[in-house]
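The structure under discussion appears below in the form of structure tokens.
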Amino acid sequence: MDKDYFTTVNSVEKPLGPAPVRSDSGSITLSPQRAAVLERLQHTSTTPTSTELAESMNLHPNTAREHLDELVALGFAERFRSSPQGRGRPSLRYQAVDGQVEPTTRVRDYVGLAGALAGHIQRTSKNPAKEAIEAGQQWALTEATGGGPVDEAIFERLDKLGFSPSVEESGPSITINLTRCPLLDAAKQNPDVVCNVHLGLLQGTVEQLDQAANVQLTPFAKPGACEVLLHLGKENPG
């Protein structure tokens with residue numbers, strides 16, 4: 001991928017964009033790829049390096065390392081240095097944390113299907129972004145809103161879908177940070193499709209309520225969140 005999803009903040013490299021979604025029980029919903037890496041760790045008697053795991057799963061080393069580091073950050077895995085052997089720095093090795101359950105098959109299947117559909121649209125459509133927005137707008141029409149102010153309706157819809165939104169500021173223009181994403185890995189693979197489906201959903205919500213507003217979505221806008229800018233009024237924000 002061409003996009004760099006990391007930035008340096010206070011000399012620490014942090015990922016741009018939201019975190020994975022948590023379920024109602026508080027557990028993490030992992031993507032199919034990350035869940036497969038976790039399962040491999042849970043079912044191996046060794047403590048592989050990222051390179052060893054990449055070779056065993058036919059993954060690119062950087063991809064394997066990204067999945068492993070995220071599993072460590074989420075508390076599913078542990079990272080440690082092996083005992084020194086000869087010259088050079090000891091290798092970083094990984095193991096699953098005891099007591100962590102495997103993600104459910106149904107969740108992984110739905111996420112995997114969404115990723116496959118996004119990839120298909122990206123490969124076959126002449127204008128993936130436009131078609132994704134239209135799909136999101138149609139999606140909005142299938143879900144009834146509770147009415148009321150448009151900003152409250154959008155916040156409620158985002159919260160229901162698992163984005164864990166938070167309002168940064170209010171006024172004529174309202175910034176909503178999306179701190180989690182239900183399709184995070186798919187969004188990183190095909191942002192033109194997945195993120196524009198979500199934009200279309202927000203636009204469709206505005207249309208449903210027939211209120212004067214303009215909504216924009218900036219994927220992976222900052223460390224820890226995507227950003228929604230909702231401008232209340234007929235004119236676009238300057």
Report yes if the side chains of [X] and [Y] come closer than 4.5 Å at any heavy-atom pair, otherwise no.
{"X": "Glu52", "Y": "Met57", "result": "no"}
{"X": "Thr49", "Y": "Tyr94", "result": "no"}
{"X": "Asp69", "Y": "Ser50", "result": "no"}
{"X": "Gln216", "Y": "Leu202", "result": "no"}
{"X": "Asn62", "Y": "Glu66", "result": "no"}
{"X": "Leu217", "Y": "Asn196", "result": "no"}
{"X": "Thr175", "Y": "Leu230", "result": "no"}
{"X": "Pro165", "Y": "Thr179", "result": "no"}

Hey, does the side chain of [X] reach the backbone of [Y] with a donor-acceptor pair shorter than 3.5 angstrom?
{"X": "Glu152", "Y": "Pro149", "result": "no"}
{"X": "Thr124", "Y": "His120", "result": "yes"}
{"X": "Thr142", "Y": "Trp139", "result": "yes"}

Can a salt bridge be assigned to the pair [X] and [Y] using a cut-off of 4.0 Å between side-chain N and carboxylate O?
{"X": "Lys130", "Y": "Glu134", "result": "yes"}
{"X": "Arg93", "Y": "Glu78", "result": "no"}
{"X": "Glu39", "Y": "Arg34", "result": "no"}

| said: Pair Asp192, Ile121 - check side chain to side chain contact (heavy atoms under 4.5 Å, CB included), show working. | reply: CA-CA 10 Å; Asp192 281 351; Ile121 294 173; over 6 Å; no

Scan side-chain atoms only and decide if [X] and [Y] contain a donor-acceptor pair under the 3.5 Å cut-off.
{"X": "Ser125", "Y": "Glu131", "value": "yes"}
{"X": "Ser91", "Y": "Arg81", "value": "no"}
{"X": "Thr46", "Y": "Thr44", "value": "yes"}

Write down the atom of [X], the atom of [Y], and the distance for their closest heavy-atom approach.
{"X": "Leu199", "Y": "Val215", "value": "CD1-O, 3.9 Å"}
{"X": "Phe220", "Y": "Cys195", "value": "CE1-SG, 4.4 Å"}
{"X": "Thr205", "Y": "Ala140", "value": "N-CB, 3.8 Å"}
{"X": "Ser173", "Y": "Leu229", "value": "CB-CD1, 4.0 Å"}
{"X": "Ala221", "Y": "Glu227", "value": "CB-CB, 3.7 Å"}
{"X": "Leu183", "Y": "Ala114", "value": "CD2-CB, 3.7 Å"}

Once you round to the nearest 0.5 Å, how far does [atom1] of [X] lie from [atom2] of [Y]?
{"X": "Ser166", "Y": "Arg180", "atom1": "OG", "atom2": "CZ", "result": "11.5 Å"}
{"X": "Ile176", "Y": "Asp151", "atom1": "CD1", "atom2": "CG", "result": "7.0 Å"}
{"X": "Leu184", "Y": "Gln189", "atom1": "CG", "atom2": "CD", "result": "10.5 Å"}
{"X": "Ile154", "Y": "Arg157", "atom1": "CD1", "atom2": "CZ", "result": "9.0 Å"}
{"X": "Gln95", "Y": "Gln42", "atom1": "CD", "atom2": "CD", "result": "12.0 Å"}
{"X": "Leu201", "Y": "Leu161", "atom1": "CG", "atom2": "CG", "result": "6.0 Å"}

| task | Would you please test Leu158 and Leu178 for side chain to side chain contact (heavy atoms under 4.5 Å, CB included) and show each step? | result | CA-CA 8 Å; Leu158 290 169; Leu178 310 183; 3.6 Å; yes

Cluster link [X] to [Y], ILVMFWY, side chain under 4.5 Å:
{"X": "Leu68", "Y": "Leu92", "value": "no"}
{"X": "Phe80", "Y": "Phe76", "value": "no"}
{"X": "Leu141", "Y": "Val150", "value": "no"}

| task | For atom CG of Asn58, decide whether the heavy atoms of other residues, nucleotides or ligands shown that lie under 6.0 angstrom number more than 12. | result | no

| query | Can you name the residues that form a ring-ring contact (aromatic ring centres under 6.0 Å, His included) with His67, not counting sequence neighbours? | reply | none

| query | Does the side chain to side chain contact (heavy atoms under 4.5 Å, CB included) test come out yes or no for Ile174 and Val228, once each step is laid out? | reply | CA-CA 8 Å; Ile174 300 173; Val228 171; over 6 Å; no

